[in-house]
Protein chains: 2
Amino acid sequence: MATLSDVATRAGVSVSAVSRVLSEKPGVRVSVATRQRIHDAAKELNYRPNFTARALKSSRTHAVGLVVPGVTNAIFAELMRGVEEEARTKDYMVLIASTERLPEGEESIPRLMGEGRVDGVLVQFGDHLSGDDLRTVTDSGLPVISINTINPGKGGSVRVEDEAGMRLATEHLIELGHTRIGYAGGVPTSESGQRRLAGFLEAMAAAKLTVEPELVTDFGYYPKQGAQALDAMAELSTPPTAVVVANINAAHGVLSEARRLGIRVPEDMSIVAMHDTWTAEIAWPPLTCVRLPLYELGRAAMASLWEIINSGTAEDRVIADPAPELIVRESTAPPAR
Amino acid sequence: MATLSDVATRAGVSVSAVSRVLSEKPGVRVSVATRQRIHDAAKELNYRPNFTARALKSSRTHAVGLVVPGVTNAIFAELMRGVEEEARTKDYMVLIASTERLPEGEESIPRLMGEGRVDGVLVQFGDHLSGDDLRTVTDSGLPVISINTINPGKGGSVRVEDEAGMRLATEHLIELGHTRIGYAGGVPTSESGQRRLAGFLEAMAAAKLTVEPELVTDFGYYPKQGAQALDAMAELSTPPTAVVVANINAAHGVLSEARRLGIRVPEDMSIVAMHDTWTAEIAWPPLTCVRLPLYELGRAAMASLWEIINSGTAEDRVIADPAPELIVRESTAPPAR
DNA sequence: TACTCGTGAACAATCGTTTGATCATGCTAG
DNA sequence: CTAGCATGATCAAACGATTGTTCACGAGTA
């Protein structure tokens, strides 16, 4: 690896001259001739600025951390793609820190943040939003953008229109003629989970439909928990004719469980799910979903983080463009009647 | 952020004393009392070594790059989970670099590697293994482990038993009684693609079955290309009664296309796919798959990279434990007869 | 001629750690 | 009583880049 001083020697100038020329700051006084020699030398040696040195001097690493509950799900993938792409335009790199399967007493989050490895952090706590973790993150003093959760401390947040999305999903079922509608939600402590439930309740109320407590579950966002939710509803004396599932991963669980129980979808029961990932299309029946702009959420999150890094200002943003959209596939139909 | 010299001041000793004590090198001569004071001071100030400074001095960043074709697929997720977990045990961080949607002339790979950001790189080029990219990577002088491709230059590689896996899949269909078996493969330039095809051909040969060229396609590993493959086979005068699909993502495409064309799986056609991800279970019918140890592949890749970083030795490894395993679900059945 | 001023470039300190070299001290041995 | 030595700690030079300050030189002005 060629260093600045290698280039300097080859060009016959001082290190500082090289630094100034190559960093292209406005207002540097260097003659055209030297400038040229420096550029030539740099090219010949294939010079690349050493990132660690630069980071040490400037205390900017040009890297951000992305803390997510797990990497093996399509929702995360969409989000991450957005983050990655925006990061690229900002000349940033993304370090993934998954909180999945963290061994007890694991230190990776504090370490990621405390050692000056990153300029800021994007946090999406999933169902298991641990108070401790959250505090570690916000207390670190690093710029933080929290995804789908209003940041309790300082720091901005970015989220999607969960309520509107949920309303869309619920209204779709109502329009189809369903009146006995179940809700399979996430754990109640999660903020976005609360917003989704609110959206469901609003839509039901607007249609003057009653919501029986036994039809509202909150097991969680994973396939197994979706299955659990369906089990709970199936054993009721009169099960719902349609279920709104607050997360597509859980919806996949609902689907397999329905198959196991001999419940036909959509003939016996309609299913509509939150989030539209590519897995919705490969499911059977293909899932009717509400598409939330996850990719855009990722981009916005990274953009906000960049802003707060560079200007110190944190804002809470709601990503409303594109608006939540209902994608009708084959898991919903009018009630059997 | 407290620095070494902050700690030194508080403990009333020199910076070097602190450094030596905290880095716990064997054979440092420091009195118990001083040692104690240093530890106390460090704790009180919540000292954490600055990563950039350390990296600059030691030219070790304790980070590795993971270059993958794309992040939005379950195969990658498995792999990455393995890499991540192994990295954690080695006290390393993982930087993701996706080659997906790289704008023309994008420099992110050379930059990732050339600027001393990472100590080594894990590369998995997918279908689009670009010669240039590969060269950039191997020429950089950085430790490199290539995943599923024997490294053309120096540097180790790590792969799974593609042939054996493919044989397993093919034999399953043969045992079910199929004789006219199609093969939907990846692009022919990929090494693992060649190995898979070889495995298929071996199994067919061993059973003394003929392989008609028109039944062997090589469109690629993505859903759309799987669909293409099925289209090509469906328009033959006598389509195959079973198809081996060299990648589960492509198999999902095959499945939807089959539905579109009115081909029932497995009644009209059996499908067996390579790779067993969670999406196999949510598909309809659930896909019969061959499970390759992708998670273990990830771990092994990271472990190998770590070795080459620390000892300079590169080895080519084949991950054979656990062995490829056939997971029979509902996409395969005896031929219609 | 002496002075100022603008220009182009070099000097040198700094970021936080690591680490070989050095030094002060008290003790043992000759 | 002093040379020799182990011990415990400090000094100081890096690592590679950035950046405020200084310097040398020639042109322009009084």
Side-chain angles (χ1 to χ4, degrees), chain A residues 1-39 41-42 45-63 91 111 113-119 141, chain B residues 1-39 41-42 45-63 91 111 113-119 141:
Chain A
M1 301 292 104
T3 76
L4 216 42
S5 90
D6 293 336
V7 178
T9 314
R10 189 171 234 280
V13 294
S14 74
V15 182
S16 42
V18 179
S19 171
R20 282 186 237 263
V21 167
L22 294 183
S23 59
E24 291 176 331
K25 285 268 180 58
V28 263
R29 301 174 312 198
V30 179
S31 70
V32 187
T34 352
R35 202 176 281 271
Q36 189 56 50
R37 270 187 301 137
I38 290 175
H39 275 127
L45 294 174
N46 189 29
Y47 169 78
R48 281 175 187 291
N50 180 285
F51 144 78
T52 49
R54 198 173 247 188
L56 175 58
K57 188 70 179 88
S58 62
S59 39
R60 276 287 147 80
T61 61
H62 275 252
D91 215 32
R111 293 202 45 201
M113 313 201 41
E115 302 181 356
R117 242 173 212 286
V118 295
D119 295 343
Chain B
M1 302 291 103
T3 75
L4 217 40
S5 91
D6 293 336
V7 178
T9 314
R10 190 171 232 278
V13 296
S14 72
V15 182
S16 39
V18 180
S19 170
R20 282 187 237 262
V21 166
L22 294 183
S23 58
E24 292 176 328
K25 284 270 180 60
V28 263
R29 301 174 312 196
V30 179
S31 71
V32 188
T34 335
R35 203 176 280 270
Q36 190 55 52
R37 271 187 301 137
I38 290 175
H39 276 127
L45 294 174
N46 189 28
Y47 169 76
R48 280 173 189 290
N50 180 285
F51 144 79
T52 49
R54 198 172 248 192
L56 174 59
K57 189 68 179 99
S58 62
S59 39
R60 275 287 145 82
T61 61
H62 273 253
D91 216 34
R111 293 202 43 203
M113 314 201 39
E115 302 180 356
R117 246 175 209 285
V118 295
D119 296 342

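Each chain gets a letter, A, B and so on, in the order the sequences are listed, and its residues count up from 1.
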Response to the item:
Atom CD of E24(A) and atom C1' of dT18(D) are separated, to the nearest Å, by 15 Å
Worksheet item: D6(A) CG to dC15(D) C1': how many Å, rounded?
Response: 13 Å
Discussion item. Base, sugar-phosphate or nothing for Y47(B)? Non-hydrogen atoms, less than 4.0 Å.
Written reply: sugar-phosphate
Discussion item. Can you measure L45(B) atom CG to dG16(C) atom C1' for me and round it to whole angstrom units?
Written reply: 15 Å
Practice prompt. Any chance you could list the contact pattern along nucleotides 7-14 of chain C? Use B for base contacts, S for sugar-phosphate-only contacts and - for none, protein heavy atoms under 4.0 Å, 5' to 3'.
Written response: BBBBB--B
Worksheet item: Rounded to the Å, how far apart are M1(B) CE and dT17(C) C1'?
Response: 17 Å
Discussion item. Could you measure the distance from the CG atom of N50(A) to the CZ atom of R117(B)? Nearest 0.5 Å is fine.
Written reply: 10.5 Å
Item to complete: Supply the atom-to-atom distance L4(B) CG to L45(B) CG, rounded to the nearest 0.5 angstrom.
Response: 11.0 Å
Worksheet item: If you measure from OG1 on T52(B) to CZ on R54(A), what distance do you get to the nearest 0.5 Å?
Response: 13.5 Å
Discussion item. Does dT18(D) have its OP1 or OP2 closer than 4.0 Å to a side-chain nitrogen or oxygen of R54(A)?
Written reply: yes
Worksheet, complete the sentence: Value for OG (S31(B)) from CZ (R35(B)), rounded to nearest 0.5 Å, stands at 8.0 Å
Item to complete: To the nearest 0.5 angstrom, please state how far the CZ atom of R29(A) sits from the OG1 atom of T34(A).
Response: 12.5 Å
Discussion item. Can you tell me which residue among D6(B), V18(B), L22(B) is in a side-chain contact (heavy atoms from CB on, under 4.5 Å) with Y47(B)?
Written reply: L22(B)
List, with names and distances, any nitrogen or oxygen atoms from the protein found under 3.5 Å away from nitrogen or oxygen atoms belonging to nucleotides 24-27 of chain C.
none

Item to complete: Say whether, by atom type as modelled, one donor and one acceptor occur between the side chain of R48(A) and the main chain of E115(B) under 3.5 angstrom.
Response: no
Worksheet, complete the sentence: Here the pair of heavy atoms bringing H62(B) nearest to D119(B) is N-OD2, 2.9 Å
Item to complete: Kindly point out which of dA17(D), dT17(C), dT19(C) is positioned nearest to the side chain of L4(B)?
Response: dT17(C)
Worksheet entry | Proximal nucleotide (of dT19(C), dT19(D), dC15(D)) relative to the S19(B) side chain | dT19(C)
Worksheet item: Roughly how far, to the nearest 0.5 Å, is CZ of R10(A) from CD1 of I38(A)?
Response: 13.5 Å
Practice prompt. Using whole Å, report how far CG of L56(A) lies from P of dA14(D).
Written response: 17 Å
Item to complete: Could you state the atom-to-atom distance from CG of L22(A) to C1' of dG16(D) in whole Å?
Response: 13 Å
